[in-house]
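Data first, discussion second: the structure below is written as structure tokens.
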Amino acid sequence: MEQVAPEATSRAGGPAARGRMTLAMLTTPPDFESTLDLALDDETIAHVFVRDALVLFADSPGALPWRFYREVGLTASRVHAVGRHAGRAHVAVALDDAIAPDMLPEGLRAAGLRSWFGVLDDDTMAIALRAVQLVEWDRTHRFCGACAAPTQQMPGERARRCPACGLSVYPRISPAMMVLVTRGRELLLGRGINFPPGRYSALAGFLEAGETIEEAIRREVLEEVGIEVVNPRYFGSQSWPFPNSLMIAFTAEYAAGELRVNPSELADAQWFTPETMPKLPPRLSIARSLIETTLAQLAKG
């Protein structure tokens with residue numbers, strides 16, 4: 001996969017502005033190093049957020065040093081170290097919650113990260129996906145969930161602690177399973193209730209308390225489409241911070257049952273052959289990688 005390294009020293013026409021997503025699913029750059037001890041200075045690459053909306057210069061979106069944002073009048077409310085990449089420090093910057101996207105200085109645009117898919121290069125997007133989780137975790141855990149006292153950042157650790165009752169909270173990760181069910185040359189794909197018209201994907205759902213991933217696969221498939229599956233096989237995983245999921249993908253084989261779509265779970269579900277595939281999820285997603293890898297294996301017989 002060809003990667004376009006972000007170049008954050010220019011706002012006009014650099015690789016960060018020209019980069020596009022590739023066929024492979026989005027993952028953290030291999031040379032990225034997570035760290036807790038970065039400071040915000042003019043040369044630090046800043047991923048700036050209004051709540052969970054990423055703020056970028058509309059004319060040339062890309063990762064930029066903090067000095068560009070400071071020069072147009074933005075002030076950081078909260079700052080979180082994200083890590084180092086390509087010799088540059090990256091931080092997540094949260095603006096004050098009172099700021100709305102339409103209150104930003106001229107030339108800046110704030111939008112959810114999905115809106116920047118295909119605009120930002122792979123590396124910048126992967127780091128921004130990490131940054132938004134830190135910003136949202138911090139914003140939603142400023143007060144203790146047990147006693148409501150203000151929490152404090154713990155030194156040397158990615159955690160907030162309540163000084164009143166001692167409760168410590170860490171960035172939340174919500175595991176979710178995804179499964180592509182096969183029946184010979186057929187693939188079972190579903191249409192989520194909120195999917196764009198015509199798009200289908202592998203089935204997915206969150207794990208319940210006390211459940212293994214394999215148990216969640218069997219339960220979710222039975223609940224959503226009324227069929228039983230066997231032989232779940234691990235495919236891969238992908239961080240999916242909407243807001244804080246870890247998507248764990250599998251394939252499984254049809255065992256028994258007739259297709260019965262649960263309308264509270266899906267708008268539709270169908271068996272598709274390689275020759276009759278519908279619109280698929282975005283190329284950066286593990287769902288697309290899972291489906292295309294399985295199709296390639298079917299083509300090889």
Side-chain angles (χ1 to χ4, degrees), residues 1 21-30 113-114 117 122 125-126 129-130 132-133 172-196 199-255 259 261-262 265-274 277-300:
M1 178 178 74
M21 295 298 172
T22 64
L23 279 171
M25 67 183 186
L26 198 63
T27 58
T28 302
L113 282 169
R114 292 177 189 270
F117 290 164
D122 289 10
M125 177 59 76
L129 290 173
R130 183 181 289 248
V132 72
Q133 292 187 77
R172 176 183 174 185
I173 305 298
S174 301
M177 73 83 206
M178 172 176 288
V179 60
L180 180 60
V181 181
T182 61
R183 185 175 66 179
R185 294 182 71 251
E186 295 178 303
L187 307 183
L188 177 60
L189 301 178
R191 257 186 47 74
I193 294 172
N194 297 316
F195 277 17
R199 178 181 292 175
Y200 285 74
S201 184
L203 304 183
F206 286 102
L207 272 68
E208 294 184 351
E211 200 172 41
T212 68
I213 301 174
E214 292 80 4
E215 289 168 344
I217 289 170
R218 291 190 288 270
R219 174 185 55 77
E220 283 284 350
V221 175
L222 189 62
E223 287 178 357
E224 293 187 1
V225 294
I227 68 170
E228 299 176 18
V229 297
V230 293
N231 299 329
R233 294 183 177 89
Y234 176 74
F235 172 78
S237 64
Q238 182 182 37
S239 176
W240 198 244
F242 299 102
N244 50 31
S245 299
L246 174 66
M247 192 64 71
I248 308 166
F250 286 75
T251 59
E253 298 172 9
Y254 168 84
L259 200 60
V261 177
N262 182 341
E265 299 276 356
L266 296 172
D268 187 34
Q270 297 182 39
W271 292 102
F272 295 91
T273 66
M277 295 300 291
K279 292 181 182 178
L280 298 178
R283 295 183 182 275
L284 61 87
S285 68
I286 193 171
R288 181 66 171 264
S289 183
L290 173 64
I291 294 168
E292 291 193 345
T293 298
T294 304
L295 288 172
Q297 292 170 347
L298 290 175
K300 293 179 181 178

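The first residue in the sequence is number 1, and the count goes up from there.
Looking only at side-chain heavy atoms (C-beta outward), V179 and V221 come within less than 4.5 Å of each other.
Atom CG in L295 sits 9.5 Å away from atom OG1 in T273 (nearest 0.5 Å). Distance CD/Q270 to CG/L188: 9.5 Å, rounded to 0.5 Å. Residue L203 holds its CG atom at 8.0 Å from CG of L189, rounded to the nearest 0.5 Å. One distance of note links CE of M177 with CD1 of I213; it measures 10.0 Å at 0.5 Å rounding. L246 CG to L207 CG: the interatomic distance, rounded to the nearest 0.5 Å, is 10.0 Å. Taking CG of L180 as the reference point, atom CZ of F250 lies at 13.0 Å (rounded to 0.5 Å).
With E208 contributing its side chain and A216 its backbone, the two residues share no donor-acceptor pair below 3.5 Å. Checked by atom type and distance alone, the side chain of D268 never pairs as donor or acceptor with a backbone atom of R191 at under 3.5 Å.
Under a 4.0 Å N-O distance rule, the pair R219/E215 does not qualify as a salt bridge.
Closest approach of W271 to T182, counting heavy atoms only: CZ3-C, 4.1 Å.
If you check the side chains of Q133 and S239, you find a donor sitting under 3.5 Å from an acceptor. With no hydrogens or angles considered, no side-chain donor-acceptor pair links S201 and R199 at under 3.5 Å.
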Derivation and outcome, side-chain contact (heavy atoms from CB on, under 4.5 Å), residues M125 and L284 = CA-CA 10 Å; M125 177 59 76; L284 61 87; 5.6 Å; no
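Relative ring orientation between F117 and W240 is described as tilted, the plane-to-plane angle lying within the 30° to 60° band.
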